[in-house]
Amino acid sequence: MLDSTRIPDSMRAAVIRRERYGEPDGAFLIERVPVPVVGPGQVLLEVMAAGVNYNGIWAARGEPVDVIAARTRRGATETYHTAGSDAAGIVRAVGPGVTRVAIGDEVVVSCGQYPARAGNEAVDAMSTASAEIWGYETNHGAFAEYSLVYEYQCHAKPASLSWEQAACFLLTAATAYHQLRGWPPHVVEAGDPVLIWGGAGGLGSAAIQIVRHFGGLPVAVVSSDARAEYCRQLGAVVLNRRGFGHWGPPPDPREKAAWESWMSEVRRFGIAIWDVLGARRAPRIVLEHPGSDTMATSLYVCASDGMVVTCGATSGYTVSVDVRFLWMRQKRLQGSHFASIAECDALMDLVASRAVKPCLARIFEFDEIGYAHRLMAANDHPPGNVVIRIGLGSHSPHR
Ligand code: NAP
């Protein structure tokens with residue numbers, strides 16, 4: 001099934017090696033490596049554009065997981081890692097058993113891999129023991145001229161989107177969709193206030209639109225006026241977190257002065273939510289991902305019987321909370337990781353119908369890949385999502 005006239009033996013890939021682990025600028029290097037060979041159920045994709053996500057930063061650092069060592073322990077032989085968990089491109093070869101995509105199809109790739117999946121798309125695929133994130137836990141990700149994915153990861157590219165738009169949104173938007181719709185009875189419904197940290201980020205910009213689509217009231221938190229305006233344009237009311245100083249864990253309640261000061265600031269934050277909503281209503285869902293800096297606040301401001309749903313920890317993995325906020329008001333703290341295939345399909349339908357728009361912020365050339373990740377790691381990237389142009393004749397004008 002290989003279209004061998006078009007596929008070379010080797011390709012350019014932005015490669016991470018163990019000896020280069022560190023900040024993204026130095027960790028990514030464009031090298032020539034073999035084009036991967038398709039196996040059963042797999043598809044070889046010619047990558048046109050690839051989305052930048054935190055996965056690339058974690059993979060570059062080799063922390064919190066040394067992804068290459070982890071794969072080697074499971075028997076892999078490649079000594080390098082090609083990251084990238086968002087892509088749009090053209091199917092160039094298909095392996096045995098592939099029936100739903102064909103050579104020449106233009107597709108958007110979702111990043112959940114579930115090799116032992118029984119074909120039941122009603123289960124939460126991310127809860128299966130075999131679930132892995134393509135381009136992070138598995139090799140041959142999006143930052144290469146060709147990448148290797150499973151057939152079920154391929155979704156038809158909406159014709160209205162450019163390659164760059166198509167590549168920029170699925171990882172974050174499907175994750176936000178799973179957070180907001182995947183945990184009944186806490187699914188966003190008409191009239192529900194939803195607090196969204198990082199409203200101008202990848203998750204946040206998608207979450208605002210998804211909440212709006214289901215009739216909810218998105219309250220976005222940001223750190224600058226420009227980001228605030230961006231979120232307003234997407235339909236959210238906005239709070240600037242720079243106006244508050246209590247971030248991180250609450251102090252020990254026995255340290256009375258410190259405790260009172262933290263409580264007064266977190267109460268002020270809660271009242272600021274009422275003010276922007278124009279009603280004394282607490283968020284029924286809090287879309288959490290900064291981690292250490294915000295978790296205690298998320299649990300405090302969440303409505304009684306509401307849910308804090310988390311998928312990340314940008315500011316730190318260790319959180320300390322006053323657990324009374326959780327049990328006294330019967331709140332729910334829910335972990336959430338990427339999305340099922342059915343949820344990716346549902347999200348793609350929202351994009352195809354233009355209910356959710358990709359928030360493409362900036363396009364980088366292939367050899368700017370380390371720089372693009374550095375900006376994200378420093379929270380210096382523009383609002384929305386960032387992509388790398390790969391298969392479109394990409395070379396940076398700056399080099
Ligand atoms: P992003 O585009 O960089 O957006 C994150 C936003 O978080 C930033 O715009 C920033 O907004 C805000 N932020 C950063 N530090 C903060 C802090 N200390 N306190 C409060 N807000 C802070 O990143 P993303 O793609 O949305 O991803 C965000 C996180 O989710 C990452 O940790 C990522 O690994 C995780 N994630 C997990 C999954 C999963 O499946 N588990 C999927 C996608 C993402 P302001 O500075 O404007 O407030």
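Numbering of ligands and ligand atoms starts at 1, following listing order.
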Using a 3.5 Å cut-off on N or O atoms only, is [X] in polar contact with ligand 1?
X	result
Trp197	no
Arg241	yes
Asn379	yes
Ser224	no
Ala200	no
Leu203	yes

Within a distance under 4.0 Å of any heavy atom of [X], pick out the atoms of ligand 1 and give their elements.
X	result
Ser223	45 (P), 46 (O), 47 (O), 48 (O)
Phe338	39 (C), 40 (O)
Thr294	19 (N), 20 (C)
Trp58	32 (O), 34 (O)
His289	5 (C), 6 (C), 7 (O), 28 (C), 29 (C), 30 (O)
Gly198	6 (C), 7 (O), 11 (O), 12 (C)
Gly202	1 (P), 2 (O), 4 (O), 26 (O)
Ser315	18 (N)

Give a yes or no on whether Val187 and Leu217 share a hydrophobic cluster (residues Ile, Leu, Val, Met, Phe, Trp, Tyr; joining criterion: side-chain heavy atoms under 4.5 Å apart).
no
For ligand 1, which part of [X] has a heavy atom less than 4.0 Å away: the side chain, the backbone, both, or neither?
X	answer
Arg227	side chain
Val222	both
Cys311	both
Leu171	side chain
Thr314	both
Thr172	side chain

With a 6.0 Å cut-off on ring centres, are Tyr152 and Tyr114 close enough?
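Distance test on ring centres: under 6.0 Å, yes.
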Would you mind telling me which of Arg71, His140, Arg18 makes a side chain to side chain donor-acceptor pair (under 3.5 Å) with His81?
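Testing each of Arg71, His140, Arg18 against His81, the sole residue satisfying side chain to side chain donor-acceptor pair (under 3.5 Å) is Arg71.
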To the nearest 0.1 Å, how far is atom 4 (O) of ligand 1 from its closest protein heavy atom, and which atom is that?
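Going atom by atom, the protein heavy atom closest to atom 4 (O) of ligand 1 ends up being Gly201 CA, 3.3 Å.
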Knowing that exactly one of Ile363, Asp86, Val52, Asp367 qualifies, which makes a side-chain contact (heavy atoms from CB on, under 4.5 Å) with Ile388?
Val52
Rounded to the nearest 0.5 Å, what's the gap from CD1 on Ile208 to SG on Cys231? Could you check?
4.0 Å
